[in-house]
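Here the structure is a predicted model, which is why all the values come from computation and not from measurement. Hydrogens, waters and symmetry mates play no part in the numbers below; they use all other heavy atoms, side chains included. The chains referred to below are lettered A, B, ... by the order of the sequence lines, with proteins before strands, and numbering in each begins at 1.
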Amino acid sequence: MRLTLQVWRQPGPASAGEFVRYDAPDITEHMSFLEMLDVVNDRLIREGKEPIAFDHDCREGICGACGMMINGVAHGPSKGTATCQLHMRSFSDGDEIWIEPWRATAFPVVRDLVVNRSALDRIIASGGFISAPTGAAQDGNAIPIAKQDADESMDAAACIGCGACVAACPNGSASLFTGAKITHLGLLPQGQPERYRRALKMVAQMDLEHFGSCTLFGECQEACPKDISIDVISRMNRDFLVAAVKEREERSVAGAG
Amino acid sequence: MELKSKIPAGPLADKWDNHRFDMKLVNPANKRKFTVIMVGSGLAGGSAAATMSELGYNVKCFCYQDSPRRAHSIAAQGGINAAKNYKNDGDSVRRLFYDTIKGGDFRAREGNVYRLAQISRNIIDQCVAQGVPFAREYGGLLDNRSFGGAQVSRTFYARGQTGQQLLLGAYQALEKEIAKGGVTMYPRTEMLDLVIVDGQARGIVVRDHVSGRIEAHLADAVILGTGGYGNVFYLSTNAQGSNGSAIWKAYRRGAAFANPCFTQIHPTCIPVAGDYQSKLTLMSESLRNDGRVWVPKKSGDERAPEAIPEEERDYYLERKYPSFGNLSPRDIASRAAKEVCDEGRGVGPGGRGVFLDFGAAIKRLGKEKIAERYGNLFEMYDRITDEDPYETPMRIYPAVHYTMGGLWVDYNLMSTIPGLHVIGEANFSDHGANRLGASALMQGLADGYFVVPLTIGDYLAQAKLPPVDENTPEVREAVAVASGRVKRLLGVNGTRTVASFHRELGKIMWEFCGMARNAEGLKEALVRIPALREQFWRDVRVPGSGDDFNQNLDQAGRVADFMELAELMCLDALHREESCGGHFRTEHETPDGEALRDDEHFAYVAAWEYKGDGKAPVLNKEQLQYENVKLATRSYK
Ligand SMILES: Cc1cc2nc3c(=O)[nH]c(=O)nc-3n(C[C@H](O)[C@H](O)[C@H](O)COP(=O)(O)OP(=O)(O)OC[C@H]3O[C@@H](n4cnc5c(N)ncnc54)[C@H](O)[C@@H]3O)c2cc1C
Ligand code: FES
């Protein structure tokens with residue numbers, strides 16, 4: 001099939017960007033979206049032009065490196081699909097496709113379709129873990145976990161950290177990402193000791209990183225390549241609220257003493 | 001070069017324990033004074049960096065992705081082995097040890113493998129404590145599945161995303177340490193060379209992908225956990241950026257490279273569809289728990305699978321290997337698939353495929369149970385091929401997957417360069433000539449959580465480490481070499497893309513150094529590879545500049561290294577006049593087509609030593625000692 005691409009080109013973080021039009025005449029429906037871009041890039045290089053930069057690595061929907069706005073939709077038209085798993089059979093001959101990087105204050109553009117998502121790492125660093133230093137663990141079967149809890153925890157843990165939720169959100173909020181980690185760890189018995197502290201810290205970090213606030217639009221769950229449900233956000237909000245109350249109580253007790 | 005494996009004396013079961021006692025310790029207050037460079041943030045590197053920081057060392061950790069969480073380990077699907085014997089089916093440390101030695105076709109060290117089997121149990125405990133959501137049974141206890149090459153059920157898993165969940169556990173521990181200040185993380189930073197001062201590894205030269213800056217980072221010791229080099233074949237199940245550059249540069253600086261030709265071709269991958277293809281997608285081995293592999297009995301049978309009656313199907317694995325059947329080890333299952341395709345019985349476009357059929361399992365267990373076990377894999381298959389595996393059998397074919405070879409290391413995981421340790425897939429240590437399924441994750445985490453954080457202390461406690469800085473001549477030399485190479489790559493300005501060279505190299509390797517090898521083909525490859533390399537340096541086109549984000553430049557450097565590594569692989573394959581595990585020489589097979597080992601002449605690790613460009617590398621041999629197992633012909637019949 002023959003396609004026309006309108007691709008966002010931006011040489012660096014400080015420079016201005018613009019859409020540039022490219023012809024993609026020799027695309028087959030079996031190609032993945034990124035393989036389609038490979039073909040375009042191959043031609044650009046042979047013509048002595050600069051290829052389009054985009055992040056990618058596993059190309060099987062699990063590393064979370066890839067991600068772009070395709071016709072205004074994060075990861076494109078297939079639901080529950082990362083860009084690398086999107087296949088060209090989702091498009092038709094003659095289509096014009098608009099391709100842009102994630103747009104969010106917290107994700108500055110590095111080049112073309114590549115953005116800096118290190119803010120997500122810092123949210124995890126602020127509290128998205130269970131403190132279990134190597135060597136201190138008891139036997140794995142010593143803590144039975146109801147299958148349902150383990151399964152629900154796994155549903156949330158499936159997040160690949162691609163940032164599509166942020167890009168899709170009109171406010172640029174990272175609540176789906178943060179809520180997913182809080183839910184993954186908060187549903188497990190091992191996650192209980194740090195549960196409320198975790199919620200406080202992670203939410204605070206999210207604010208620090210200039211992510212917007214969540215007004216429950218639900219666009220994030222539509223864009224998520226792993227179909228993570230916005231229920232995780234309710235859970236985050238609940239844990240955060242309890243944590244805030246606890247903290248106030250602790251402070252007043254300390255104050256009274 | 002002398003290869004001292006440093007396997008501790010004493011009974012197998014006590015070696016690690018004794019060794020831990022014998023090792024020198026670094027006083028807790030002194031640990032902060034040591035800086036360790038950890039290249040790689042996969043299961044091996046991520047877990048090692050976090051653990052060393054917990055112990056008190058200063059760690060600098062590097063990865064080429066934008067976040068440590070994206071290391072290739074994230075893509076592992078099926079599971080991780082551990083000798084927990086929770087199923088009471090006769091498993092034990094000794095059985096896991098034996099299965100691994102036998103699976104590796106008796107080309108791995110007893111001492112290392114036994115330690116791995118011992119540590120396997122701690123790994124599961126550690127990961128559970130971190131909140132890895134392993135699959136559970138209704139009673140709340142951990143569930144297991146079976147993997148190839150084992151008759152017990154010892155594989156722990158988290159749906160089809162085990163690698164992801166284990167890596168997130170390590171990554172979260174790593175982020176925790178980053179927040180505490182014990183680890184400094186350098187993402188989007190690629191190692192271009194190793195810095196050696198006074199014979200000791202003291203740093204690395206890196207390129208910052210974003211700024212383009214090339215600079216040295218210095219430390220008291222360096223650890224490489226940079227993964228495997230399967231991408232030398234271009235098409236493989238590895239991530240696009242997976243590369244052999246870090247270990248190759250270490251080899252050029254004097255680290256011995258062990259068994260480079262031992263590569264694993266995985267039997268269950270989605271077949272190649274077209275020239276544009278950039279990677280091959282694995283369908284986890286766990287599918288062979290319930291899927292049955294078959295091809296039509298008649299060659300050239302083009303009927304739809306549903307139209308082929310039972311009696312006209314050849315379930316060749318069940319027929320040839322009745323006791324392991326569909327769960328035969330990978331090398332054996334791959335070769336069997338190639339054989340039936342060579343006979344003209346392959347299915348799908350080009351006849352390069354076999355069926356993996358879930359019909360019987362769906363009838364027996366119901367669609368829902370199958371969906372629960374493999375849902376995400378079925379979806380992935382459907383998305384790529386546009387075929388629904390619940391309705392029609394999958395089509396699969398072998399693809400390059402894993403490299404057992406890697407830098408030679410001793411029992412402490414130290415290479416032949418003092419201070420340079422190597423962990424995870426990047427070393428050669430535990431899998432011999434063939435790795436069993438679900439054992440790479442186990443090895444990566446054993447190395448990272450439990451072995452190297454201790455053995456590095458033993459090194460640091462005894463090493464003499466004079467101060468080094470950017471002006472030390474060796475450091476300046478290494479930076480100059482790396483910068484010069486980048487300039488050279490950009491300066492060729494020829495006509496062919498990096499990818500086109502990589503693809504061509506991959507074809508040579510797949511044809512001559514793939515599933516079946518012979519002297520004639522390998523000699524041919526040894527002519528073609530240098531010719532292609534010469535053409536690369538004359539005619540490659542790398543667009544852009546070295547001063548900013550330039551993905552083509554990064555890739556060009558990796559491909560240039562693959563061009564050299566490929567030659568060493570062929571040389572190794574040519575010298576090993578026997579068949580063992582994943583290394584199958586057509587000149588050495590039994591009358592019924594099985595691998596024919598030659599223990600008398602080849603029961604050794606081949607450790608190659610670099611002698612300079614244009615000079616032949618030197619082969620060093622570490623003789624393998626088997627005191628606890630009897631060398632036997634591997635049989636899965
Ligand atoms: C699709 C797939 C499925 C698999 N499934 C299983 C399974 O079910 N069970 C199992 O046991 N094994 C499985 N394996 C194998 C297993 O995943 C790998 O062997 C293992 O994860 C390797 O871990 P590692 O830490 O050694 O390296 P990687 O995870 O490959 O990490 C390498 C790290 O090094 C960094 N790096 C590399 N080169 C450089 C450089 N030059 N400069 C700076 N940084 C660099 C990378 O950024 C990365 O952080 C699978 C493999 C694949 C491909
Ligand atoms: S490239 Fe890994 S998720 Fe798309």
Checklist outcome for this item: Within residues 187-200 of chain A, contacts to chain B at heavy-atom distances under 4.5 Å involve A/Leu188, A/Gln190

Checklist entry - Centroid-to-centroid, A/Phe33 to A/Phe91, below 6.0 Å? => result yes

Item to check | Under 4.5 Å from any heavy atom of chain B - which part of A/Asp155 | outcome: both

Checklist outcome for this item: When the 4.5 angstrom heavy-atom criterion is applied to A/Asp38 and chain B, the contacting part is side chain

Checklist entry - Is it the side chain or the backbone of B/Thr385 that comes within 4.5 Å of chain A heavy atoms, both, or neither? => result backbone

Item to check | A/Asp93, CG atom: more than 12 neighbouring heavy atoms under 6.0 Å | outcome: yes

Next on the checklist: Which one wins on heavy-atom pair count under 4.5 Å against chain B: A/Val39, A/Asp42, A/Leu185?
Outcome noted: A/Asp42

Next on the checklist: Can you tell me which of A/Arg117, A/Arg89, A/Lys181 forms the most heavy-atom pairs within a distance under 4.5 Å of chain B?
Outcome noted: A/Arg89

Checklist entry - chain B heavy atoms under 4.5 Å from A/Ala142: which part of the residue, side chain, backbone, both or neither? => result neither

Checklist entry - Charged N to carboxylate O under 4.0 angstrom, B/Glu137 versus A/Lys147? => result no

Checklist entry - Under 4.0 Å between a Lys/Arg side-chain N and an Asp/Glu carboxylate O for B/Lys279 and A/Glu60? => result yes

Checklist outcome for this item: Whatever's closer than 4.5 Å to a heavy atom in chain A on B/Arg121 counts as neither

Checklist entry - Given a strict heavy-atom distance threshold of 4.5 Å, which part of B/Ser500 is in contact with chain A: side chain, backbone, both, or neither? => result neither

Next on the checklist: Does any backbone or side-chain atom of B/Gln77 lie under 4.5 Å from a heavy atom of chain A? Answer side chain, backbone, both or neither.
Outcome noted: side chain

Next on the checklist: Heavy-atom cut-off 4.5 Å, strictly under: side chain, backbone, both or neither for A/His87 against chain B?
Outcome noted: side chain

Checklist entry - Any side-chain donor paired with an acceptor under 3.5 Å for A/Glu209 and A/Gln205? => result yes

Checklist entry - Can a salt bridge be assigned to the pair A/Asp55 and B/Arg188 using a cut-off of 4.0 Å between side-chain N and carboxylate O? => result yes

Checklist outcome for this item: Ranked by heavy-atom pairs below 4.5 Å to chain A, first place among B/Val498, B/Ile384, B/Ile124 goes to B/Ile384

Next on the checklist: For A/Ile45, which atoms come within 4.5 Å of any heavy atom of chain B: side chain, backbone, both, or neither?
Outcome noted: both

Checklist outcome for this item: So, the part of A/Lys49 with a heavy atom under 4.5 Å from chain B: the answer is backbone

Next on the checklist: Less than 4.5 Å to any heavy atom of chain A: does that hold for the side chain of B/Lys180, its backbone, both, or neither?
Outcome noted: neither

Checklist entry - Which residues in residues 46-56 of chain B have any heavy atom lying under 4.5 Å from a heavy atom of chain A? => result B/Thr51, B/Glu54

Next on the checklist: Under 3.5 Å, is there a donor on one side chain and an acceptor on the other for A/Tyr22 and A/Arg9?
Outcome noted: yes

Next on the checklist: Which atoms of A/Ser118 are under 4.5 Å from chain B, going by heavy atoms: the side chain, the backbone, both sets, or neither?
Outcome noted: neither

Checklist entry - Considering only heavy atoms, which portion of A/Ser131 lies under 4.5 Å from any heavy atom of chain B: side chain, backbone, both, or neither? => result both

Checklist entry - Between A/Asp227 and A/Lys79, is the closest basic N to carboxylate O distance under 4.0 Å? => result yes

Next on the checklist: For A/Asp112 and A/Gln10: C-alpha separation, side-chain torsions, deciding distance, then whether side-chain hydrogen bond (donor to acceptor under 3.5 Å, both in side chains) applies.
Outcome noted: CA-CA 5 Å; A/Asp112 298 341; A/Gln10 182 175 338; over 6 Å; no

Checklist outcome for this item: Applying a strict 4.5 Å limit to non-hydrogen atoms, the region of A/Asp149 in contact with chain B is neither

Checklist entry - Does a donor on one side chain sit under 3.5 Å from an acceptor on the other, for A/Thr83 and A/His75? => result yes

Item to check | Main-chain N/O of A/His184 paired to A/Ser153 side chain as donor or acceptor, under 3.5 Å | outcome: yes

Checklist entry - So, B/Ser120 side chain and B/Ala83 main chain: donor-acceptor pair closer than 3.5 Å or not? => result yes

Next on the checklist: Apply side-chain contact (heavy atoms from CB on, under 4.5 Å) to residues B/Phe450 and B/Asn122 and explain how you reach the verdict.
Outcome noted: CA-CA 9 Å; B/Phe450 297 104; B/Asn122 306 93; 3.6 Å; yes

Checklist entry - Can a donor-acceptor pair be found between the side chains of A/Asp57 and B/Tyr64 at a distance below 3.5 Å? => result yes

Item to check | Interface residue of largest heavy-atom contact number with chain B, from A/Ala146, A/Gly61, A/Ala65, under 4.5 Å | outcome: A/Ala65

Checklist entry - Once the angle between the rings of B/Tyr86 and B/Phe156 is folded into 0 to 90°, is it parallel (under 30°), tilted (30 to 60°) or perpendicular (over 60°)? => result perpendicular

Checklist entry - If only atom types and distance count, is the side chain of B/Gln172 paired as donor or acceptor with the main-chain N or O of B/Gln130 below 3.5 Å? => result no

Checklist entry - Where on A/Arg46 is there a heavy atom nearer than 4.5 Å to chain B: the side chain, the backbone, both, or neither? => result both

Item to check | Test item: A/Arg235 side-chain N/O and A/Thr183 main-chain N/O as donor-acceptor pair under 3.5 Å | outcome: no

Checklist entry - Is chain B contacted by the side chain of A/Ile160, its backbone, both, or neither, given a heavy-atom distance below 4.5 Å? => result both

Next on the checklist: Taking every non-hydrogen pair under 4.5 Å, which of A/Glu50, A/Arg122, A/Gln148, A/Met36 racks up the most with chain B?
Outcome noted: A/Glu50

Next on the checklist: Check this for me, if you would: do B/Arg558 and B/Asp554 make a salt bridge, where the nitrogen-to-carboxylate-oxygen distance has to be below 4.0 angstrom?
Outcome noted: no

Next on the checklist: Set out, in order, the CA-CA distance, both residues' side-chain angles and the distance that settles salt bridge (Lys or Arg N to Asp or Glu O under 4.0 Å) for B/Lys84 and A/Asp139, then state yes or no.
Outcome noted: CA-CA 10 Å; B/Lys84 281 288 199 182; A/Asp139 186 85; 3.0 Å; yes

Checklist entry - With a 4.0 Å cut-off, would you call A/Asp26 and A/Arg2 a salt bridge? => result no

Next on the checklist: Using heavy-atom distances under 4.5 Å, tell me whether B/Ile178 contacts chain A through its side chain, its backbone, both, or neither.
Outcome noted: neither

Item to check | B/Ser73 side chain to B/Leu43 backbone, donor-acceptor under 3.5 Å | outcome: yes

Item to check | Contact leader toward chain B among A/Leu120, A/Asp121, A/Asp151, where contacts are heavy-atom pairs under 4.5 Å | outcome: A/Asp121

Item to check | Contact leader toward chain A among B/Asp125, B/Thr281, B/Val128, where contacts are heavy-atom pairs under 4.5 Å | outcome: B/Asp125

Checklist entry - Passes side-chain hydrogen bond (donor to acceptor under 3.5 Å, both in side chains), B/Thr495 versus B/Arg541? Steps please. => result CA-CA 6 Å; B/Thr495 62; B/Arg541 172 176 294 180; over 6 Å; no

Next on the checklist: The test is side-chain hydrogen bond (donor to acceptor under 3.5 Å, both in side chains); show your working for B/Gln240 and A/His56 and say whether it passes.
Outcome noted: CA-CA 8 Å; B/Gln240 297 286 293; A/His56 64 102; 4.5 Å; no

Next on the checklist: At a heavy-atom distance under 4.5 Å, which candidate from A/Ser78, A/Cys63, A/Pro11, A/Ala136 has the highest pair count against chain B?
Outcome noted: A/Cys63

Next on the checklist: Could you check whether B/Asp208 and B/Thr189, counting side-chain N and O atoms only, form a donor-acceptor pair closer than 3.5 Å?
Outcome noted: no

Checklist entry - Where on B/Asn552 is there a heavy atom nearer than 4.5 Å to chain A: the side chain, the backbone, both, or neither? => result side chain

Checklist entry - Which bit of B/Ala75 is near chain A, if near means a heavy-atom gap under 4.5 Å: side chain, backbone, both or neither? => result both

Item to check | Contact class of A/Glu35 relative to chain B, heavy atoms under 4.5 angstrom | outcome: side chain

Next on the checklist: At a 4.5 Å cut-off on heavy atoms, which part of B/Arg383 comes close to chain A: side chain, backbone, both, or neither?
Outcome noted: both

Next on the checklist: Report which part of B/Asp386 has an atom under 4.5 Å of a heavy atom belonging to chain A: side chain, backbone, both, or neither.
Outcome noted: both

